[in-house]
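For reference, the structure is listed below as structure tokens.
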Amino acid sequence: MSFTENQEALVNSSYESFKQNLPHYSVLFYTFILEKAPAAKELFSFLKDTSGVQYSPKLQSHAEKVFGLVHDSAIQLRTKGEVALGDATLGAIHVQKGVVDPHFVVVKEALLKTIKEVAGDKWSEELSTAWGVAYDGLATTIKKAMS
Ligand code: HEM
Ligand code: ISQ
């Protein structure tokens, strides 16, 4: 199934809402990740030495990049039907940090839960699927670059 214009529009509008409260949503995103995979805390240089998830500009900018790349993946899927990595170093970074396949599932679930909070009463199964498909396309490309 190809990525539709409507799916792209769903991702676009919730991405705009996400950016409107980055400090809050980035903390929420990490919190969802650490709930599922507490040990992942040690992987992130800016979380290692803090207790719990505390807001910091670094934490925000990393979360912003992830959501930005998934948003960009949605656009690529709609226009080209595939996802190319803009940053060729992404594979190597994740290998070097010790990221493994199951982590990608954890991050996906955390992303979808965050989007649920972002969308509020505008949330729908369709919206969630659109983000999920865009994430999977990007994750597949990153995992290829890791191997
Ligand atoms: C680093 C994106 C999946 C853990 C990075 C960076 C980007 C990125 C752009 C470069 C550093 C930055 O500027 O933020 C993504 C995307 C993913 C993904 C788009 C999925 C589609 C994962 C997963 C994990 C992970 C599954 C494991 C929990 C890390 C860590 C770093 C990193 C530990 C280094 C952060 C640091 O500097 O301490 N990622 N990532 N990433 N990523 Fe990911
Ligand atoms: C994965 N890679 C880079 C940054 C991230 C921030 C939050 C959650 C997952 C991430």
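Atoms within each ligand, like the ligands themselves, are counted from 1 in listed order. It should be emphasised that the depicted structure is a prediction, and the values quoted were computed from it without experimental measurement.
- The protein heavy-atom contact nearest to atom 33 (C) of ligand 1 is Leu43 O, 3.2 Å.
- Of all protein atoms, those of element N, O or S that lie under 2.8 Å from atom 43 (Fe) of ligand 1 number 1.
- Ligand 1 places these atoms under 4.0 Å from at least one heavy atom of His103: 26 (C), 27 (C), 28 (C).
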Kindly indicate, with the supporting measurements, whether the criterion ring pair (Phe, Tyr, Trp, His ring centres under 6.0 Å) is fulfilled by Phe29 and Phe67.
CA-CA 10 Å; Phe29 182 41; Phe67 279 76; 4.9 Å; yes
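- The Phe44 neighbourhood of ligand 2 comprises atoms 4 (C), 5 (C), 9 (C), 10 (C), with distances under 4.0 Å to a heavy atom of that residue.
- Residue contact check: Leu69 has heavy atoms under 4.0 Å from atoms 9 (C), 19 (C) of ligand 1.
- For atom 30 (C) of ligand 1, the closest non-hydrogen atom on the protein side is Phe44 CE2, 3.6 Å.
- Using a 4.5 Å cut-off on side-chain heavy atoms (C-beta onward), Val53 and Leu59 make contact.
- In this structure, the protein non-hydrogen atom closest to atom 19 (C) of ligand 1 is Leu138 CD2, 3.5 Å.
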I'd like to know whether Phe44 forms a ring pair (Phe, Tyr, Trp, His ring centres under 6.0 Å) with His62, so could you lay out the CA-CA distance, the side-chain angles of the two residues, the decisive distance to 0.1 Å, and finally the verdict.
CA-CA 10 Å; Phe44 293 96; His62 283 254; 7.4 Å; no
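- In this structure, the protein non-hydrogen atom closest to atom 20 (C) of ligand 1 is Tyr135 CE1, 3.7 Å.
- Near Phe29, the atoms of ligand 2 lying under 4.0 angstrom from a non-hydrogen atom of the residue are 7 (C), 8 (C), 9 (C).
- From the protein, the heavy atom lying nearest to atom 36 (C) of ligand 1 is Ser45 OG, 3.4 Å.
- Residue, atom and distance of the protein heavy atom nearest to atom 5 (C) of ligand 2 are Val66 CG2, 3.4 Å.
- Hydrophobic clustering, with ILVMFWY side chains joined whenever heavy atoms are under 4.5 angstrom apart, keeps Trp131 apart from Ile75.
- With sequence neighbours excluded, the residues forming a side chain to side chain contact (heavy atoms under 4.5 Å, CB included) with Asp87 are Thr89, Leu90, listed by chain and number.
- In this structure, the side chains of Gln60 and Pro23 come closer than 4.5 Å at one or more pairs of heavy atoms.
- When the salt bridge (charged side-chain N to carboxylate O under 4.0 Å, His left out) test is applied to Glu117, no partner is found at least two apart in sequence or on another chain.
- At least one side-chain heavy atom of Phe104 sits under 4.5 Å from a side-chain heavy atom of Val99.
- Distance OH/Tyr135 to OG/Ser73: 10.5 Å, rounded to 0.5 Å.
- Sorted by first and then second residue, the side chain to side chain donor-acceptor pair (under 3.5 Å) pairs involving residues 29-48 (not counting sequence neighbours) are Lys36-Glu109.
- Looking at heavy atoms from C-beta onward, Lys143 lies in side-chain contact with Asp101 at the 4.5 angstrom threshold.
- Judged purely by distance below 3.5 Å, without hydrogens or angles, the side chains of Asn12 and Glu16 never pair a donor atom with an acceptor atom.
- Nearest to atom 9 (C) of ligand 2 among the protein's heavy atoms is Ile33 CD1, 3.6 Å.
- In terms of protein heavy atoms, atom 13 (O) of ligand 1 is closest to Lys65 NZ, 2.5 Å.
- Ranking the protein heavy atoms by distance from atom 6 (C) of ligand 2 puts Tyr30 OH, 2.9 Å first.
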